[in-house]
Trainee: 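Have a look at the structure that comes next, please.
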There are 2 protein chains.
Amino acid sequence: MQQGITIGNVSQASGVKVPTIRYYEQIGLLPSPPRTEGNRRSYDEGDLERLTFIRHSRELGFEIDEIRTLLSLQDQPNVSCEDADAIASKHLADVKLKIASLTALQHELERMVEGCSHGRVETCKVIDILADHGKCRFHGE
Amino acid sequence: MQQGITIGNVSQASGVKVPTIRYYEQIGLLPSPPRTEGNRRSYDEGDLERLTFIRHSRELGFEIDEIRTLLSLQDQPNVSCEDADAIASKHLADVKLKIASLTALQHELERMVEGCSHGRVETCKVIDILADHGKCRFHGE
DNA sequence: CGTACATCCTCTAGTGACTAGAGGAGCAAG
DNA sequence: CTTGCTCCTCTAGTCACTAGAGGATGTACG
């Protein structure tokens with residue numbers, strides 16, 4: 001009888017919080033594990049890998065539905081990976097846009113903070129720039 | 001009798017959607033405007049500026065509560081702008097972190113998509129990298 | 001003047017991806 | 001045996017909106 005992994009341990013090992021694991025089970029992203037006599041969830045190595053996969057995908061900014069597709073692809077490895085490729089490519093385009101937008105934002109914020117003379121709001125560029133859109137160089141996203 | 005601006009026009013002019021404007025009013029971010037005889041909201045130039053300020057701040061990634069603080073600072077211009085400065089500075093730090101994280105992610109995704117041989121999932125790096133955290137160079141945020 | 005249609009109103013409920021809390025049961029150590 | 005930790009289920013809350021129902025009003029045209 002090989003002992004299963006508790007939810008607390010699988011949480012620690014995967015980096016996914018306990019309530020989040022239960023949430024993933026609830027939305028069908030993670031299969032319901034068997035229970036012990038005392039009704040505790042009992043996970044195995046496969047669950048741990050799946051959870052790590054999920055966490056990592058979330059960190060990379062994939063949405064739950066995308067992860068669902070990715071996981072189903074992983075489950076049947078003889079189909080073409082064009083779908084997975086498409087998801088990642090689409091995501092890559094998004095990420096590039098986001099970086100461009102955030103970089104513009106960074107310059108804008110730097111300009112704001114540098115411009116702030118630490119005096120009164122009347123002369124503070126932070127407020128000024130936010131109030132008057134014409135003075136702003138940020139036009140991202 | 002100067003005619004007010006309709007919610008639709010103030011929406012167009014500010015770039016904030018109509019339901020969002022009503023939502024902002026509901027949460028007290030935008031003051032309740034006077035109504036016409038027919039119970040329509042009647043905005044003025046000041047409201048338009050405030051909405052533009054809000055939209056721009058949201059675009060820059062400020063949270064509603066931060067905008068609330070910013071707006072209250074704008075309303076009383078003889079206090080120090082250190083608070084506004086602090087908010088913007090904190091936000092700038094966040095943005096820099098996010099950019100670094102997203103850039104790492106970009107490289108990761110590029111590596112994924114380039115590595116995909118357009119064959120079967122078994123040899124697809126997209127799945128591979130997501131499944132095995134050790135193969136991944138992304139450790140952001 | 002009538003009628004079509006756009007715009008407006010309020011209200012409730014839904015979204016995504018969790019997070020928090022209540023209220024209780026099981027389990028391991030001292 | 002008791003203390004305290006982890007676990008269980010369930011409901012409700014978060015943020016910043018968004019969608020939709022069901023109805024009133026305003027405007028343009030014939």
Side-chain angles (χ1 to χ4, degrees), chain A residues 1 3-30 32-44 47 50-71 87 91 94 98 141, chain B residues 1 3-30 32-44 47 50-71 87 91 94 98 141:
Chain A
M1 195 227 257
Q3 76 288 27
I5 313 170
T6 65
I7 197 169
N9 287 343
V10 91
S11 164
Q12 276 240 297
S14 66
V16 181
K17 288 183 201 157
V18 170
T20 305
I21 294 173
R22 290 197 276 248
Y23 167 72
Y24 285 160
E25 181 182 334
Q26 192 195 307
I27 63 169
L29 195 61
L30 194 70
S32 302
R35 301 296 183 105
T36 66
E37 279 189 24
N39 199 31
R40 272 98 199 278
R41 289 170 178 83
S42 176
Y43 295 98
D44 62 16
D47 296 316
R50 199 175 176 97
L51 260 183
T52 306
F53 182 104
I54 294 169
R55 201 215 62 195
H56 193 202
S57 303
R58 288 291 302 140
E59 268 176 2
L60 290 175
F62 290 94
E63 289 173 13
I64 297 285
D65 267 3
E66 290 172 330
I67 298 172
R68 227 184 274 272
T69 307
L70 253 16
L71 278 169
I87 291 175
H91 196 62
D94 288 355
K98 219 176 241 173
E141 225 230 341
Chain B
M1 195 229 258
Q3 76 288 29
I5 312 170
T6 66
I7 197 169
N9 287 342
V10 90
S11 164
Q12 275 239 297
S14 65
V16 181
K17 289 183 200 155
V18 170
T20 306
I21 294 173
R22 290 198 275 251
Y23 166 72
Y24 286 160
E25 180 181 333
Q26 192 194 308
I27 63 168
L29 195 61
L30 194 69
S32 301
R35 302 296 182 105
T36 66
E37 280 189 22
N39 198 32
R40 272 97 197 279
R41 289 171 177 82
S42 176
Y43 295 98
D44 62 16
D47 296 316
R50 200 176 175 98
L51 260 182
T52 306
F53 183 104
I54 293 170
R55 201 216 62 192
H56 193 202
S57 302
R58 288 292 301 141
E59 267 177 2
L60 291 175
F62 290 94
E63 290 172 12
I64 297 285
D65 267 2
E66 291 172 330
I67 297 172
R68 227 183 274 274
T69 308
L70 253 18
L71 278 169
I87 291 175
H91 197 61
D94 288 354
K98 219 176 243 175
E141 226 229 340

Trainee: Tell me which residues in residues 11-24 of chain A lie within less than 4.0 Å of DNA chain C, going by non-hydrogen atoms.
Mentor: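 Only A:K17, A:T20, A:Y23, A:Y24 qualify.
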
Trainee: Just so I know, are the side chains of A:I21 and A:Y43 near enough to count as touching, which here means a heavy-atom distance under 4.5 Å?
Mentor: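 Result yes, sub-4.5 Å side-chain heavy-atom pair found.
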
Trainee: Do A:R35 and A:R41 come close enough that some side-chain heavy atom pair is under 4.5 Å?
Mentor: yes

Trainee: When the nearest nucleotide of DNA chain C is assigned to A:E63 and to B:R40 on a heavy-atom basis, which residue is associated with the more 5' position?
Mentor: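 Comparing both residues, the 5'-ward one is B:R40.
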
Trainee: Taking all non-hydrogen atoms of both residues, which atom of B:I5 and which atom of B:N9 are closest, and how far apart?
Mentor: CG2-CB, 3.5 Å

Trainee: Could you pick out which residue, A:G38 or A:Q26, lies toward the 5' side of DNA chain D when each is mapped onto its nearest nucleotide?
Mentor: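 Its nucleotide being nearer the 5' end, the pick is A:G38.
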
Trainee: Between A:R50 and A:D47 (salt bridge meaning N to carboxylate O under 4.0 Å), is one present in this structure?
Mentor: no

Trainee: Would you indicate what A:I27 reaches in the nucleic acid, counting non-hydrogen atoms under 4.0 angstrom: base, sugar-phosphate, or nothing?
Mentor: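 No contact.
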
Trainee: Looking at side-chain heavy atoms only, is the closest gap between B:R58 and B:R55 below 4.5 Å?
Mentor: no

Trainee: Would you check if A:I64 and A:Y24 make a side-chain contact, meaning some heavy-atom pair closer than 4.5 Å?
Mentor: yes

Trainee: Would you please test B:L71 and B:I54 for side chain to side chain contact (heavy atoms under 4.5 Å, CB included) and show each step?
Mentor: CA-CA 8 Å; B:L71 278 169; B:I54 293 170; 4.0 Å; yes

Trainee: Starting at CD of A:E37 and ending at C1' of D:dC7, how long is that distance when rounded to a whole Å?
Mentor: 16 Å

Trainee: Reading DNA chain C from 5' to 3', where do the contacts with chain B start and stop? Cut-off is 4.0 Å to heavy atoms.
Mentor: C:dT7 to C:dT10

Trainee: So, OP1 or OP2 of D:dT6: does either fall under 4.0 Å of a side-chain N or O from A:T6?
Mentor: no

Trainee: Please compare B:D65 and B:T36 by the position of their nearest nucleotide in DNA chain D and report the one closer to 5'.
Mentor: B:D65

Trainee: What is the minimum heavy-atom distance between A:P33 and A:S42, and which atoms define it?
Mentor: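 Of all heavy-atom pairs spanning A:P33 and A:S42, the closest is CB-O, 3.6 Å.
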
